[in-house]
Amino acid sequence: MGFKCNIPKYSILSKKDINIIDDFSIKILKNIGVKIPHKNIINILYEKGANIDKNIVKFPEELVREAIEIAGKKHILYGLNRDNKAEFGYGMLNFNGSGGQYQIVDQKSLKRHNPTIEDLKLSIKIGDSLENINIVGAMVVPSDISPEITDIITFYYLLTSTSKPFTGWVFSRESAKVIIEMMEIAAGSKEELKNFPFYEIFIEPISPLSFRKESLEILLEFANAGLPIGFSPMVQVGATGPCSLIGTIAQENAEILSGITIAQCIKPGLPVSYGGIPHIFDMKAQMISFGSPEQALMAAAMTQVGKFYGFPVYNNTGMSDSKCVDAQYGIESAATLAFGALAGGDIFGHLGISGADNAANLTQLIIDNEMVGYFLRLFSGLNISEIDEAYEEIVNEGIGGNFLGNDMTVKNFRREIWYPHLFDRLPWDSWKMNKGENIIEKAIEKEKTIKSINKIPPIEDYKLLELKKILKIKNIKI
């Protein structure tokens, strides 16, 4: 299940600011346009009234406005256990692991290596075990199998190893067809998958103002299947967007709206997510940044803009540029997540990433899960309805009394107070007697414990056999 946020939203933009950004984005789409290197999609857009010059599409304002109006603005992702849900557009907070990194970190040695199938299986197992991660990320892209089938194998293990909704990357139209077929088998039918989707594909425009043909082909497959789609360009301030935060936000918004318009022209009413995830480009490091203060500001602004249109919003927060679990990681992850969540986001940056897409870190994912628990307590707010009961307790105890053993304490202490699994609160001597472990050491131990647990596959045996048949037909070995 997602998690409710019970505290007031934070606004960084005024209504006037949002209207200015909206007008600017519409002007980009109308006067500059977007590169769409796909003949079938260009034909669809032309029939809907778009202006076409070779593969450059200029979007009339009325076409974009209509797409915004008719787009699905609420959807739910379900796990194999349908009690495990991620709710988008319902005011809930959702948290997921990375869709896949090309390296993985060993926390003890702080060295990276190429991930394997075994790393993938462990990643899914850990995500499935963490109480605050309600969308399990593949975390890694295995390197010990053929690149052409990496995504298919990844989705096979996601479908057969977690009872939660999940996320991972799809790399081609051919893979998309197989993956959708596998998900239909796991769901029970095409209609069941449409009604109870496990997964939302994220399409990333290539900034500035362009789409890859492969992404558009994947978009077509998922749209025709009626499955939810998120659009999430990563415009970089000063590199692939103007060196202006507000200008980059407007360009990002234009790119997202172009994707939403394409999706609605293909399949009117299709549920979509608004992936507002711009970043800065650090001129000194020559690298994108995940943890900058500007990241928090832009995430909050993009969330407001997405909510202005009524969409569920994904923002890239809760992450860091640090390559290890240290003070920088803690400050950047916490600060950006606070802004992204308080602005009203529905889902946040993929957790468990070391640096700016430098590698997956499973130890860090376990710590991120703890961080999310901390924030969920913050976001749950205060319960004013208890004030009268508290007054009675104060009357009963009187001056100089003690509340440790009274009824209200016994009834409330587990609900009212958040108790961490990894964060330390012990007095010094007790901490030293209890091994004196830091949070990294505790997380590594938890990782070992999860790894040692034998879990029964959550999918029914007959569906598992059907999935294996599909792979056998495609000459894919498990």
Side-chain angles (χ1 to χ4, degrees), residues 77-82 84 96-102 104 114-128 135-202 214-215 217-229 360 451 454-478:
L77 302 182
Y78 296 85
L80 285 170
N81 176 349
R82 289 181 181 169
N84 294 332
N96 60 331
S98 171
Q101 301 287 309
Y102 287 90
I104 187 168
N114 295 330
T116 65
I117 288 287
E118 291 305 311
D119 290 317
L120 171 66
K121 290 193 282 189
L122 177 58
S123 297
I124 297 169
K125 189 175 187 180
I126 288 174
D128 189 65
I135 301 177
V136 174
M139 296 302 294
V140 298
V141 178
S143 62
D144 54 346
I145 52 176
S146 172
E148 290 78 15
I149 59 170
T150 297
D151 46 3
I152 296 173
I153 295 293
T154 295
F155 274 79
Y156 169 82
Y157 284 110
L158 285 166
L159 279 165
T160 58
S161 304
T162 179
S163 61
K164 299 179 184 179
F166 49 74
T167 190
W169 307 136
V170 180
F171 297 130
S172 71
R173 185 173 197 169
E174 292 71 26
S175 291
K177 290 177 180 178
V178 178
I179 287 165
I180 291 170
E181 186 177 359
M182 290 196 302
M183 290 195 294
E184 288 169 352
I185 289 169
S189 68
K190 290 182 180 181
E191 197 62 27
E192 284 290 285
L193 178 61
K194 185 178 176 180
N195 292 332
F196 300 96
F198 304 114
Y199 170 72
E200 174 179 12
I201 186 76
F202 274 85
E214 294 82 358
S215 296
E217 289 178 339
I218 294 167
L219 164 59
L220 270 171
E221 293 299 324
F222 277 85
N224 286 328
L227 300 175
I229 299 177
K451 186 176 182 179
N454 290 319
K455 288 194 170 185
I456 299 171
I459 193 166
E460 296 99 320
D461 289 343
Y462 77 94
K463 290 181 179 178
L464 186 60
L465 288 172
E466 287 298 313
L467 291 177
K468 288 180 177 179
K469 283 181 184 178
I470 292 290
L471 297 183
K472 188 174 182 180
I473 291 169
K474 305 292 181 182
N475 293 318
I476 297 172
K477 294 182 180 179
I478 293 296

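In what follows, residues are counted from 1 in the order of the sequence shown. Just so you know, these numbers come straight off a predicted model, no measurement behind them.
Legend: salt bridge (Lys or Arg N to Asp or Glu O under 4.0 Å) pairs involving residues 153-178, not counting sequence neighbours, sorted by first then second residue: Arg173-Glu221. Pairs passing the side chain to side chain donor-acceptor pair (under 3.5 Å) check and including a residue from residues 139-149, sequence neighbours excluded, read Ser146-Glu148.
Thr167 and Asn96 share no donor-acceptor pair across their side chains, judged by distance under 3.5 Å alone.
Note that CD1 of Ile126 and OG1 of Thr162 are 12.5 Å apart. Values are rounded to the nearest 0.5 Å. In this structure, CG in Leu220 is found 11.5 Å from OG in Ser215, a value given to the nearest 0.5 Å. Remark: Ser189 OG to Phe196 CZ distance equals 10.0 Å, nearest 0.5 Å. Taken from CG in Leu193 to CG in Leu227, the straight-line distance is 5.0 Å, to the nearest 0.5 Å. The distance from atom NZ of Lys474 to atom CD of Glu181, rounded to the nearest 0.5 Å, is 6.0 Å. In this structure, the separation between CD on Glu192 and OH on Tyr78 is 10.5 Å, given to the nearest 0.5 Å.
Here the options are Ile104, Val140, Leu158, the test is side-chain contact (heavy atoms from CB on, under 4.5 Å), and the partner is Leu120; only Val140 passes.
Minimum interatomic distance between Lys455 and Lys125 (heavy atoms only, all atoms of both residues): NZ-O, 4.1 Å. Of all the heavy atoms in Ser161 and Ile124, the pair that sits closest is CB-CG2, 3.7 Å. Of all non-hydrogen atoms in Ala360 and Met139, the two that sit nearest each other are CB-O, 3.3 Å. Minimum interatomic distance between Ala138 and Thr154 (heavy atoms only, all atoms of both residues): CB-CG2, 3.5 Å. Contact detail for Ser163 and Asn84: the closest heavy-atom pair is O-ND2, 3.0 Å. The two residues Leu471 and Met182 make their nearest non-hydrogen contact at CD2-SD, 3.9 Å.
Counting heavy atoms from C-beta outward, Val178 and Ile476 have side chains that stay 4.5 Å or more apart. Side-chain atoms of Thr160 and Pro457, non-hydrogen and from C-beta on, never get closer than 4.5 Å to each other. Side-chain contact check for Leu80 versus Phe198: some heavy-atom pair is nearer than 4.5 Å. The closest side-chain heavy-atom distance from Lys468 to Tyr156 is below 4.5 Å.
Applying the ring-ring contact (aromatic ring centres under 6.0 Å, His included) criterion to Tyr157, with sequence neighbours excluded, gives no partner residue.
Between Glu466 and Lys463 no salt bridge is recorded (no basic side-chain N to carboxylate O distance below 4.0 Å). The pair Glu191-Lys194 does not count as a salt bridge, with every side-chain nitrogen at least 4.0 angstrom from each carboxylate oxygen.
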Would Val141 and Tyr102 count as a side chain to side chain contact (heavy atoms under 4.5 Å, CB included) if you check the C-alpha gap in whole Å, the side-chain angles of each, and the deciding distance to 0.1 Å?
CA-CA 5 Å; Val141 178; Tyr102 287 90; 3.8 Å; yes
Intermediate values then yes/no, side chain to side chain contact (heavy atoms under 4.5 Å, CB included), Leu159 and Phe166
CA-CA 8 Å; Leu159 279 165; Phe166 49 74; 3.7 Å; yes
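Heavy-atom neighbours of Lys472 NZ from other residues, nucleotides or ligands within 6.0 Å: at or below the threshold of 12.
Ring geometry, Tyr199 versus Phe155: the interplanar angle exceeds 60°, so the pair is classed perpendicular (tilted spans 30 to 60°).
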